[in-house]
2 protein chains.
Amino acid sequence: MSAEPGGPESASTKRRRNTAKQRAVLEVLGTSERFRSAQQLFVVLRSQRPMRIGLTSVYRILRTLADDQIAETQRAEDGETLYRLRTEPGHRHYLICRLCGRAVGFIPTAIEEQTTGLSAQHGFSDVTHYVDVYGICPQCLRAPVTDDR
Amino acid sequence: MSAEPGGPESASTKRRRNTAKQRAVLEVLGTSERFRSAQQLFVVLRSQRPMRIGLTSVYRILRTLADDQIAETQRAEDGETLYRLRTEPGHRHYLICRLCGRAVGFIPTAIEEQTTGLSAQHGFSDVTHYVDVYGICPQCLRAPVTDDR
DNA sequence: CTACATGCAAAGAATTTGCAAATCA
DNA sequence: TGATTTGCAAATTCTTTGCATGTAG
């Protein structure tokens, strides 16, 4: 619960090894700007790569990347966690295609102000907000799942 | 996917039986305005009621209530589905205490306009937005989980 | 009576954990 | 070498399904 900067499990301080598996996950993540699940990435890694990575490692590596702020995550409508490489610093929100994961970023300024005000007004602390928008992108509307995902 | 008013699985038309189990779930839901999970409700039903309801039925009844718009649902931060009786018609958003489920409703007018504009701009269809805010309410901050939940 | 409701056990799906074997530094 | 990382199988957690039995109307 409490933040201990520099502590043993602090996000950016822990030193990581540089392994082939980690690099592979990072590379596959880099092939698309879309949000993809651990399971999807696992399938791509298994099929497009000669290496035999385990599903467990994919989950572990993705989590580490998210902890290190290298990847950003998003919850799909069904609760699955989706990942993609972080391109810009800071917290953002997305309009995501529920079929292919294509994402259009935006910053809901008004909502952020409103929620901040609401929280203060009702005395809530440790407030986190989620503003997610899902839809079907024009490409998928005419031809569902055309490419990689 | 398509809407067929009056069809066999249409939400408000299907006739339901009036059973003791359904009434029990409805009554327990009525004891609080907080959002609670099926598992939490199951525990309450098992302990506070002489009847032996099954977890499956709790899930089924809650889903039916949600389909009939009698209950409204919310996704917890960990993906669990939370329920509570619907008090007002229409879609609302909430600032929810992640410890006790207490909810403060609000309508993010600005965000709704912004997302509508964004969707149109990028050609997305079937757009749905989720604006969820989680925090710790003042009561839980000083005395975590004091009452029923 | 008969369709709908219920319970239990099993199935599912996403994710995590235990632990021994592999490997980076 | 020595601590991390990895993989597999098993465990977890939430939720749904199959199916035989119970019950409202």
Side-chain angles (χ1 to χ4, degrees), chain A residues 8-28 35-47 49-68 70-71 73-83 98 101 149, chain B residues 7-28 35-46 49-68 70-71 73-83 98 101 149:
Chain A
E9 66 288 351
S10 144
S12 46
T13 42
K14 180 162 190 182
R15 191 169 292 161
R16 321 274 188 194
R17 270 190 193 166
N18 176 12
T19 70
K21 307 296 168 76
Q22 292 176 6
R23 251 176 283 126
V25 171
L26 217 33
E27 281 171 29
V28 171
F35 276 93
R36 288 172 290 177
S37 68
Q39 308 271 354
Q40 288 176 336
L41 291 164
F42 172 64
V43 171
V44 174
L45 282 159
R46 277 270 173 133
S47 62
R49 300 265 157 173
M51 73 182 9
R52 252 178 65 57
I53 194 171
L55 178 58
T56 307
S57 298
V58 176
Y59 273 108
R60 261 183 307 226
I61 293 171
L62 286 173
R63 204 220 285 226
T64 299
L65 291 175
D67 284 350
D68 292 351
I70 293 168
T73 64
Q74 190 72 29
R75 282 255 173 213
E77 284 176 297
D78 67 352
E80 218 179 348
T81 302
L82 307 177
Y83 306 79
R98 55 169 73 90
R149 290 166 85 3
Chain B
E9 68 289 349
S10 145
S12 46
T13 42
K14 180 162 190 180
R15 191 168 291 160
R16 320 278 188 192
R17 275 190 190 168
N18 177 12
T19 70
K21 308 295 168 75
Q22 292 176 7
R23 252 175 282 126
V25 171
L26 216 34
E27 281 171 28
V28 171
F35 276 94
R36 288 172 290 178
S37 69
Q39 308 270 353
Q40 288 176 336
L41 292 165
F42 173 65
V43 171
V44 174
L45 283 159
R46 277 270 173 134
R49 301 265 156 174
M51 72 183 8
R52 251 177 105 307
I53 195 172
L55 178 58
T56 307
S57 297
V58 176
Y59 272 107
R60 260 184 306 225
I61 292 170
L62 286 173
R63 203 217 286 225
T64 299
L65 292 175
D67 284 350
D68 291 350
I70 293 169
T73 64
Q74 190 72 30
R75 283 253 173 214
E77 283 177 296
D78 65 353
E80 217 180 349
T81 302
L82 308 177
Y83 305 80
R98 55 170 73 89
R149 288 165 90 353

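Every chain is numbered from 1 and lettered A, B, ... according to where its sequence line falls, protein lines coming before strand lines.
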How would you label the contact of [X] with the nucleic acid (heavy atoms, under 4.0 Å): base, sugar-phosphate, or nothing?
X: B:Arg23; value: nothing
X: A:Thr19; value: sugar-phosphate
X: A:Asn18; value: sugar-phosphate
X: B:Gln39; value: base
X: A:Ser37; value: nothing

What is the distance, to the nearest angstrom, from the [atom1] atom on [X] to the [atom2] atom on [N]?
X: B:Met51; N: C:dG7; atom1: CE; atom2: C1'; result: 13 Å
X: B:Arg63; N: D:dT17; atom1: CZ; atom2: C1'; result: 10 Å
X: B:Gln22; N: D:dA24; atom1: CD; atom2: P; result: 11 Å
X: B:Ile53; N: C:dG7; atom1: CD1; atom2: C1'; result: 10 Å
X: B:Leu62; N: C:dT6; atom1: CG; atom2: C1'; result: 14 Å
X: B:Gln40; N: D:dT13; atom1: CD; atom2: P; result: 15 Å
X: B:Asp78; N: C:dA13; atom1: CG; atom2: P; result: 20 Å
X: B:Leu65; N: C:dA5; atom1: CG; atom2: P; result: 12 Å

Query - Selected nucleotide, minimal atom distance to A:Glu80 side chain, candidates D:dT15, C:dA14, D:dT16 - result: C:dA14
Query raised in the report: For A:Tyr59 and C:dT15, is the shortest distance between a side-chain N/O and OP1 or OP2 below 4.0 Å?
Result: yes
Query raised in the report: Between B:Lys21 and C:dG7, is there a side-chain N or O to OP1/OP2 distance below 4.0 Å?
Result: yes
Query raised in the report: Is the closest side-chain heavy-atom distance between A:Val25 and A:Leu62 below 4.5 Å?
Result: yes
Report task. Kindly indicate whether the side chain of B:Phe42, heavy atoms from C-beta on, has any atom under 4.5 Å from the side chain of B:Arg36. Result -> no
Query - Most 5' of B:Leu82 and B:Arg60 on DNA chain D, judged by nearest nucleotide - result: B:Leu82
Query - Comparing A:Thr81 and B:Ile61 on DNA chain C - which has the more 5′ nearest nucleotide - result: B:Ile61
**Report entry** Heavy-atom donor-acceptor pair, B:Arg17 side-chain to D:dT23 base, under 3.5 Å
**Finding:** yes
